[in-house]
Amino acid sequence: MNFLFQYLAVAKMATDDYVGFTFFVGCMAMMAASAFFFLSMNSFDKKWRTSILVSGLITFIAAVHYWYMRDYWASNAESPTFFRYVDWILTVPLMCVEFFLILKVAGAKKSLMWRLIFFSVIMLVTGYIGEAVDRPNAWLWGLISGLAYFVIAYDIWLGKAKKLAEAAGGSVLSAHKTLCWFVLVGWAIYPLGYMAGTPGWYDGLAGLGLNMDVIYNIGDAINKIGFGLVIFNLATQQQAE
Ligand SMILES: *C/C=C(C)/C=C/C=C(C)/C=C/C1=C(C)CCCC1(C)C
């Protein structure tokens, strides 16, 4: 019993710790979204259940990491870079799986999914190196990461994925378009956070209350929950057709 209490013990949070606050709210939002996706799963037929399950897994994995990140921040007042990137390396490939799942109706092949996953892993591993391992060359790692991000954006906006979405048409095409906007605009929040967090670049942003972690936390809430809701909406429409 004792060990359980120890595990549930929560570090003290200062009342003016707005960064800690965004970790806390982020954690709750991810939990609520997971409950929503998991509980709605059974109202869809088999074809769509996997997509909704993956939406729930994305927010659930994030909820668990936010639980740890919130505590790490409260105890150390330091960015939880390690937990952050473990979260991303699990959830971003799952978002690539979502693209594949909705395009399957138009005959998407697994190779498309693996290609997106491959570039997402490059994007995140190089980002991690720039943030945690080789700080002096943050610009170089950020650049490589940005190129991988560009390939993903290109593939879904103009490449193979786009052709498949057009072949599928209807609600699949419009959901694909919305997800494309998430990747182009929503994901662009992350390089901004990276720049805000690199010493000597945009330190001024911190003065505006835009600390790197706050930017990442906003990005996660928009992208993980928003992405899932687009899929939920698509499944609801398809079910009605
Ligand atoms: C749920 C988490 C998501 C959707 C995370 C996405 C992360 C990115 C798109 C990160 C991109 C980065 C760059 C494009 C350059 C600088 C380094 C990164 C890793 C922050």
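Every number for a ligand or one of its atoms is a count from 1 in the order of the listing.
- Contacts between Tyr190 and ligand 1 below 4.0 angstrom, taking non-hydrogen atoms only, involve backbone and side chain alike.
- Set against the non-hydrogen atoms of Val92, the atoms of ligand 1 under 4.0 Å away are 2 (C), 3 (C), 4 (C), 5 (C), 6 (C).
- Here Arg115 pairs with Asp155 in a salt bridge; the nearest charged N to carboxylate O distance falls below 4.0 Å.
- Of all the atoms in ligand 1, the ones that sit under 4.0 Å from a non-hydrogen atom of Pro191 are 14 (C).
- Trp73 and Phe23 have tilted rings, their planes meeting at an angle from 30° to 60° on a 0 to 90° scale.
- Comparing His65, Lys224, Met212, Met123 by heavy-atom distance to atom 1 (C) of ligand 1, the nearest is Lys224.
- Heavy-atom proximity to Thr91, at under 4.0 Å, picks out these atoms of ligand 1: 1 (C).
- A donor-acceptor contact under 3.5 angstrom links the side chains of Tyr66 and Asn217, judged on distance only.
- Ligand 1 has at least one atom lying under 4.0 Å from a heavy atom of Met95.
- Within 6.0 Å of CH2 in Trp187 there are more than 12 heavy atoms belonging to other residues, nucleotides or ligands.
- A salt bridge links Arg84 with Asp213: the distance from a Lys NZ or Arg NE/NH1/NH2 to an Asp or Glu carboxylate oxygen falls below 4.0 Å.
- The Trp187 neighbourhood of ligand 1 comprises atoms 4 (C), 9 (C), with distances under 4.0 Å to a heavy atom of that residue.
- Comparing Tyr128, Tyr194, Tyr85, Tyr149 by heavy-atom distance to atom 19 (C) of ligand 1, the nearest is Tyr85.
- For Phe118, the CZ atom sits in a loose shell: 12 or fewer heavy atoms of surrounding residues, nucleotides or ligands are nearer than 6.0 Å.
- Aromatic ring orientation, Phe99 versus Phe227: perpendicular (interplanar angle above 60°, classes split at 30° and 60°).
- Under the 30°/60° scheme for interplanar angles, the aromatic rings of Phe232 and Phe36 are found to be tilted.
- In the candidate list Ser145, Gly127, Ala138, Ser145 is nearest to atom 12 (C) of ligand 1, counting heavy atoms.
- Neither the backbone nor the side chain of Thr126 has a heavy atom within less than 4.0 Å of ligand 1.
- Taking a cut-off of under 4.0 Å to the non-hydrogen atoms of Asp220, the atoms of ligand 1 that pass are 1 (C), 2 (C).
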